[in-house]
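Okay, structure first, notes after.
To find a chain, count down the sequence lines: A is the first, B the second, and so on, and within it residues start at 1. Note that these values count all heavy atoms, side chains included, but never hydrogens, waters or copies made by symmetry.
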There are 2 protein chains.
Amino acid sequence: MNKSSETHLREANISPSYTRVMIYDYLKINHNHPNVDEIYKALCKKLHTLSKTTVYNVLKLFLEKDIARKVTISSSEDKYELTCEDHSHFKCKVCNKLYDIPLVKTEYSTATLKGFKVNNEEVLLTGICVNCNK
Amino acid sequence: MNKSSETHLREANISPSYTRVMIYDYLKINHNHPNVDEIYKALCKKLHTLSKTTVYNVLKLFLEKDIARKVTISSSEDKYELTCEDHSHFKCKVCNKLYDIPLVKTEYSTATLKGFKVNNEEVLLTGICVNCNK
DNA sequence: GTCCTTGCAAAGCGTTTGCACAGAA
DNA sequence: TTCTGTGCAAACGCTTTGCAAGGAC
């Protein structure tokens with residue numbers, strides 16, 4: 001069990017059960033925006049009694065406590081990642097892989113958004129990735 | 001039936017059936033990114049025999065022919081809009097309404113995306129809209 | 001006749017809910 | 001005891017699929 005992951009969970013007011021730490025660590029190590037099924041299948045190897053419901057429960061808790069978020073890219077499956085330093089995403093339309101890329105800066109006139117309070121900016125680039133672009 | 005909508009469909013190699021024109025017009029008039037159910041319910045009033053399957057079929061065709069696209073914002077329902085001049089989106093986290101806003105410019109270093117071909121950029125701002133921000 | 005459009009019904013699949021059981025406090 | 005974490009099973013909701021009927025050509 002990872003000490004620092006336990007600490008992160010505690011800081012978010014989540015009691016660090018074994019399962020929760022496992023899921024947290026999985027997200028921490030795997031930056032490939034896994035969906036529920038991928039997390040479930042990967043952790044089943046170590047946690048033989050794990051159920052998908054628990055994965056859903058834990059991820060829901062992580063979202064509520066703001067230590068993880070859904071990455072909603074044009075597809076009907078929910079993907080997840082830990083809330084961390086800002087970055088943007090690139091989605092390859094050939095292989096459908098989703099890449100983390102350095103933060104894309106944005107520029108817009110605040111005048112057109114008068115009265116609107118902006119808390120968050122997300123940028124998604126789509127195109128062809130380096131592997132498919134050959 | 002709208003003459004110019006018929007033309008748009010023909011230009012996209014879609015034979016302009018009555019139902020297709022109706023759905024196209026609905027998307028053309030309603031810029032509120034409707035989901036399938038909203039389109040279905042709205043058009044049922046005029047097309048009493050309409051089925052959801054047909055709405056799905058037509059939207060799928062529109063996506064294939066690139067005259068419409070899914071707007072995938074963190075929620076599990078698919079929303080649709082016509083492919084048109086570029087704009088960005090603002091999502092209010094209080095009322096969940098999705099606004100069209102003027103195009104947000106982006107800035108990123110092409111060096112970090114060496115080998116990647118970028119075809120499209122999408123920006124989503126989230127926050128509190130003018131109506132909820134009172 | 002064939003092809004295209006539409007739509008009912010069923011299946012599929014990801015997700016949520018209800019409930020129960022075991023362990024911790 | 002109560003509260004918490006987990007997980008089976010069922011329900012749920014959106015979407016897709018299979019297939020058939022009717023119309024266009």
Rounded to whole angstroms, how far apart are [atom1] on [X] and [atom2] on [N]?
X     : N      : atom1 : atom2 : answer
A:E64 : D:dG5  : CD    : C1'   : 15 Å
A:L9  : D:dG5  : CG    : C1'   : 14 Å
A:L63 : C:dT15 : CG    : C1'   : 13 Å
A:Y24 : D:dG5  : OH    : C1'   : 20 Å
B:N13 : C:dC4  : CG    : P     : 13 Å
A:K70 : C:dT16 : NZ    : C1'   : 11 Å
B:K79 : D:dT15 : NZ    : C1'   : 16 Å
B:L59 : D:dT16 : CG    : C1'   : 14 Å

Please check this pair: side chain of [X] against backbone of [Y], looking for a donor-acceptor N/O pair closer than 3.5 Å.
X      : Y      : answer
A:N120 : B:T126 : no
B:R69  : B:L63  : no
A:N35  : A:D37  : yes

Q. Within less than 4.0 Å of OP1 or OP2 of D:dT16, is there a side-chain N or O belonging to B:Y56?
A.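 No.
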
Enumerate the protein-to-nucleotides 5-13 of chain C contacts in which both atoms are nitrogen or oxygen and the separation is below 3.5 Å.
| residue | atom | partner | partner atom | Å |
| --- | --- | --- | --- | --- |
| C:dT5 | OP1 | B:S15 | OG | 2.4 |
| C:dT5 | OP1 | B:R20 | NH1 | 2.6 |
| C:dT5 | OP2 | B:R20 | NH2 | 3.2 |
| C:dT5 | O5' | B:R20 | NH2 | 3.2 |
| C:dT6 | OP1 | B:S17 | OG | 2.7 |
| C:dT6 | OP1 | B:T19 | OG1 | 2.9 |
| C:dG7 | OP1 | B:T49 | O | 2.6 |
| C:dG7 | OP1 | B:T49 | OG1 | 2.7 |
| C:dG7 | OP1 | B:L50 | N | 3.4 |
| C:dG7 | OP2 | B:S51 | N | 3.4 |
| C:dG7 | OP2 | B:T54 | OG1 | 2.8 |
| C:dG7 | O5' | B:T49 | O | 3.3 |
| C:dC8 | N4 | B:T53 | OG1 | 3.4 |
| C:dA9 | N6 | B:T53 | OG1 | 3.3 |

Q: Please determine, by modelled atom types, if A:E122 and B:H89 share a side-chain donor-acceptor pair under 3.5 angstrom.
A: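 Their side chains do not contain a donor-acceptor pair, so the 3.5 Å distance test is not met.
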
Q.
Would A:H33 and A:Y80 count as a side-chain hydrogen bond (donor to acceptor under 3.5 Å, both in side chains) here? Give the steps.
A. CA-CA 5 Å; A:H33 323 88; A:Y80 296 85; over 6 Å; no

Q) Strictly under 6.0 Å, is that where the ring centroids of B:Y24 and B:H8 end up? A)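 Yes - the distance between ring centres of B:Y24 and B:H8 falls below the 6.0 Å cut-off.
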
